[in-house]
Amino acid sequence: NSDFAILKGTIDEVNNISEIIDADVYLNNEATENVFKDETKNYDIIHVALHTIINNKKPMFSNLVFSQTNDSDDGLLHTYEIYGLDINAHLIVLSACETGCGKLNNGEGIMSLARGFLYAGCPGIVMTLWKVEDNQSAEIITTFYKYLAEGKSKIEALRLSKLDYLKSSD
């Protein structure tokens, strides 16, 4: 979507990840909402690095922001659309701002973008609860995938990558 700044750190992020694990990479105009909807059922791990539009009052209208290439694809994947996807992945990494934020509904929990992926069939989600800077996020996430490739569990890989980042940052 042309209304959003290019996240240069995310390009490095996905390229670094593709050197660690076997991955198909969709960048810029290839990273469309329609491609995402069509391809999600084909992957064991889905990594999404992009902008979000969070609507905490009406979380079903929060969006992942993809490239817009034609009139039938507005580039905005709404949470309510995610609920209808057929996802076979065991892990989705939402490397985008506030993907775990939403509205607390009694008896339901937090209604968020991430929850849509749980409902669509993905049992493991890495998400953020705040705004993230794309270069630092890229560093943490790249290390996360290195630990996954070494055979660490998702939880241990994330814990170790955060600890590594804290050790190396000022």
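The chain is numbered in sequence order, starting from 1. On a predicted model such as this, the values are computed, not experimentally measured, just so you know.
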*Please list, chain by chain and in numerical order, all residues satisfying salt bridge (charged side-chain N to carboxylate O under 4.0 Å, His left out) with Lys37, sequence neighbours excluded.*
Glu33, Glu81
*Is a side-chain donor-acceptor pair under 3.5 Å present for Glu39 with Asn42?*
yes
_Heavy-atom side-chain contact between Glu98 and Met127 under 4.5 Å_ = no
*Would you say the side chain of Leu91 lies within less than 4.5 Å of the side chain of Val93, judging by non-hydrogen atoms?*
yes
*Taking only residues two or more places apart in sequence or in another chain, which ones pass side chain to side chain donor-acceptor pair (under 3.5 Å) with Asn106?*
none
*Within 6.0 angstrom of Leu166 CG, more than 12 heavy atoms from elsewhere*: yes
*Any idea which heavy atoms bring Cys97 and Thr128 closest together, and the distance?*
C-OG1, 3.4 Å
*When Ile, Leu, Val, Met, Phe, Trp and Tyr are grouped by side-chain heavy atoms lying under 4.5 Å apart, directly or through other members, which residues fall in the same group as Leu129?*
Trp130, Val132
*For Ser168 and Glu139, work out which heavy atoms get closest and say how close.*
OG-OE2, 3.4 Å
*Roughly how far, to the nearest 0.5 Å, is the OG atom of Ser62 from the CD1 atom of Ile82?*
9.0 Å
*asked:* I'd like to know if the side chain of Thr142 reaches the main chain of Asn16, judged simply by a donor and an acceptor atom lying under 3.5 Å from each other, with no hydrogens or angles considered.
replied: no
*Working for side chain to side chain contact (heavy atoms under 4.5 Å, CB included), residues Lys58 and Lys103*: CA-CA 8 Å; Lys58 295 182 180 179; Lys103 183 179 180 182; over 6 Å; no
_Interatomic spacing from CD1 in Ile11 to CG in Leu27 - rounded to 0.5 Å_ = 6.0 Å
*Report the C-alpha separation of Asp24 and Tyr43 in whole Å, then their side-chain angles, then the decisive distance to 0.1 Å, and conclude whether the side chain to side chain contact (heavy atoms under 4.5 Å, CB included) test is met.*
CA-CA 9 Å; Asp24 294 328; Tyr43 295 96; 2.7 Å; yes
*Are Leu85 and Phe36 close enough that some pair of their side-chain heavy atoms sits under 4.5 Å apart?*
yes
*Minimum heavy-atom separation for Ile110 to Cys101, with atom names?*
CG2-C, 4.3 Å
*For Met60, what are the other residues in its hydrophobic cluster, where any two members join if their side-chain heavy atoms are less than 4.5 angstrom apart?*
Phe61, Tyr80, Tyr83, Met111, Tyr119
*Is the closest side-chain donor-acceptor distance between Glu13 and Ser95 under 3.5 Å?*
yes
_Can you tell me how far apart SG (Cys122) and CG (Asn88) are? Round to the nearest 0.5 Å._
9.5 Å
*For the side-chain contact (heavy atoms from CB on, under 4.5 Å) test, which of Val65, Leu94, Leu64, Leu77 pairs with Leu50?*
Leu64
*Got a second to check how far Thr99's OG1 is from Arg115's CZ, nearest 0.5 Å?*
15.0 Å
Output side-chain donor-acceptor pairs under 3.5 Å for residues 145-153, partner residues at least two apart or in another chain, one line each.
{"from": "Tyr145", "atom 1": "OH", "to": "His47", "atom 2": "ND1", "distance (Å)": "3.0"}
{"from": "Tyr147", "atom 1": "OH", "to": "Asp164", "atom 2": "OD2", "distance (Å)": "2.6"}
{"from": "Ser153", "atom 1": "OG", "to": "Glu156", "atom 2": "N", "distance (Å)": "3.1"}

*If you link ILVMFWY side chains whenever their heavy atoms are less than 4.5 Å apart, which other residues fall into the same cluster as Tyr165? By chain and number, please.*
Ile140
*Crowded around Lys41 NZ? As in, over 12 foreign heavy atoms under 6.0 Å?*
yes
